[in-house]
There are 2 protein chains.
Amino acid sequence: MNIGEVSKNTGLPAKTIRYYEDIGFVTPARGDNGYRSFSEKDQHKLVFLGRARGLGFSIEDCRTLMALYEDQGRASADVKRVAQKNLSEIDRKIADLQAMRGTLSHLVANCAGDGRPDCPILEDLGRA
Amino acid sequence: MNIGEVSKNTGLPAKTIRYYEDIGFVTPARGDNGYRSFSEKDQHKLVFLGRARGLGFSIEDCRTLMALYEDQGRASADVKRVAQKNLSEIDRKIADLQAMRGTLSHLVANCAGDGRPDCPILEDLGRA
DNA sequence: CTTGACCCTCCCGTGACTGGAACCTTTATG
DNA sequence: CATAAAGGTTCCAGTCACGGGAGGGTCAAG
């Protein structure tokens with residue numbers, strides 16, 4: 001398969017797939033014309049990667065998960081640990097964003113939003 | 001004031017303050033020795049910037065907010081618009097993370113996390 | 001034979017810094 | 001007074017995960 005078809009099948013942009021090759025995630029064969037020639041397995045790995053990335057795993061996490069995926073004798077505890085670490089990072093990000101959201105929405109609520117120059121948002125930001 | 005003191009007062013790393021000078025946010029005077037010499041106003045701007053960044057405003061947003069802050073004739077509606085745009089971006093990010101969190105926590109909950117190789121997390125990631 | 005779709009590599013840019021090297025100035029101490 | 005530590009300076013490179021675009025080769029259809 002050429003890169004275009006793989007891109008269509010996996011939903012990953014061709015640029016991204018080339019990038020994943022650069023960083024050693026897949027190593028597609030090459031045809032005489034220099035074109036990448038992807039196997040089913042390559043494509044499968046890319047799907048895996050796309051899904052894991054979509055769930056917020058970092059590339060390095062993906063490397064770990066992929067190694068575990070390919071290791072038939074792995075312990076599911078190892079996978080679970082990586083996933084839980086990611087989960088708590090997601091929780092932390094959500095908490096941070098919610099804190100931001102709280103402060104900001106409070107400020108927005110108190111701002112008249114009319115033509116007058118008084119603005120509690122700016123006042124708050126400028127407070128030392 | 002030297003950069004070190006400003007850093008202590010504002011909580012921003014010296015590196016960051018130099019960066020903010022690079023991108024034209026502050027233009028501290030220079031002493032004969034070449035050291036930056038910050039005024040109270042410079043410091044105040046940096047505090048403003050630090051707080052706005054902490055609320056998730058981008059540098060470009062901060063530029064807008066700063067201009068509005070320094071413009072005595074501004075309309076608070078302009079500020080509110082920037083803040084609301086930012087607020088809806090935060091909401092979107094929270095929603096994305098919560099969707100991730102939902103899928104991932106479901107997977108984690110279904111994973112035994114023991115020494116056996118069966119792992120629903122990997123199974124799911126590998127599904128085409 | 002040409003057109004257009006597809007593919008290739010290579011390099012630069014993103015946002016918002018952070019780290020480090022190499023060097024200079026000020027301040028504290030023996 | 002010499003020296004060492006602390007703090008300042010510039011500049012270059014790296015981060016993360018790609019995206020844009022130049023400049024060119026290849027392939028299938030009409």
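Fair warning: this is a prediction, and the values are worked out from it, not measured in the lab. Lettering of chains follows the sequences in order, A, B, ..., and the numbering in each one begins at 1. As a basis for the values below, the full set of heavy atoms in this structure was taken, side chains included, without hydrogen atoms, waters or symmetry mates.
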Residues A/Tyr20, A/Leu49; criterion side-chain contact (heavy atoms from CB on, under 4.5 Å); working and verdict: CA-CA 9 Å; A/Tyr20 288 163; A/Leu49 195 41; 3.4 Å; yes
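Counting non-hydrogen atoms under 4.0 angstrom, B/Arg18 reaches a base of the nucleic acid. Residue B/Phe25 is out of contact with every strand shown, counting any heavy-atom pair closer than 4.0 Å.
In this structure, A/Ile17 places its CD1 atom 17 Å from P of D/dA17, rounding to the nearest Å. The distance from atom CG of B/Asp32 to atom P of D/dT9 is 14 Å, rounded to the nearest whole Å. Distance B/Glu21 CD to C/dC17 P: 15 Å, rounded to the nearest Å. Atom P of nucleotide C/dT14 and atom CG of B/Asp22 are separated by 14 Å, given to the nearest angstrom. The distance between atom CZ of A/Phe38 and atom C1' of C/dC8, rounded to the nearest whole Å, is 12 Å. A straight line from CD1 of A/Ile3 to C1' of D/dT26 spans 15 Å, rounded to a whole angstrom. Following rounding to the nearest Å, A/Phe57 (CZ) and D/dC16 (P) show an atom-to-atom distance of 18 Å.
For the pair B/Thr16 and C/dA16, the criterion of a side-chain N or O lying under 4.0 Å from OP1 or OP2 is not met. An OP1 or OP2 oxygen of C/dC24 is reached within less than 4.0 angstrom by no side-chain nitrogen or oxygen of B/Asn33. An OP1 or OP2 oxygen of D/dG7 is reached within less than 4.0 angstrom by no side-chain nitrogen or oxygen of B/Asn2. In this structure, B/Arg30 does not reach the D/dG8 phosphate: none of its side-chain N or O atoms is under 4.0 Å from OP1 or OP2. Regarding contacts with the backbone of C/dC17, a side-chain N or O of B/Tyr20 is found under 4.0 angstrom from either OP1 or OP2. The shortest distance between the side-chain N/O atoms of A/Arg36 and the OP1/OP2 oxygens of C/dC7 is not below 4.0 Å.
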Name the atoms and distances for all side-chain donor-acceptor pairs under 3.5 Å in residues 22-30 of chain A, with sequence neighbours left out.
residue: A/Arg30; atom: NH1; partner: A/Gly34; partner atom: O; Å: 3.0
residue: A/Arg30; atom: NH2; partner: A/Glu21; partner atom: OE1; Å: 3.4
residue: A/Arg30; atom: NH2; partner: A/Glu21; partner atom: OE2; Å: 3.3

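Where B/Tyr19 and B/Lys15 each meet DNA chain C at their nearest nucleotide, the meeting point lying more 5' is that of B/Tyr19.
Below the 3.5 angstrom threshold, one finds a donor paired with an acceptor across the side chain of B/Tyr35 and the base of D/dG7.
The backbone N or O of B/Asp124 lies less than 3.5 Å from a partner atom in the side chain of A/Arg51, making a donor-acceptor pair.
B/Arg63 is linked by a side-chain hydrogen bond (donor to acceptor under 3.5 Å, both in side chains) to B/Glu60, counting only residues two or more places apart in sequence or in another chain.
For the residue pair A/Asp91 / A/Ser88, no side-chain donor-acceptor distance below 3.5 Å is found, with atom types taken as modelled.
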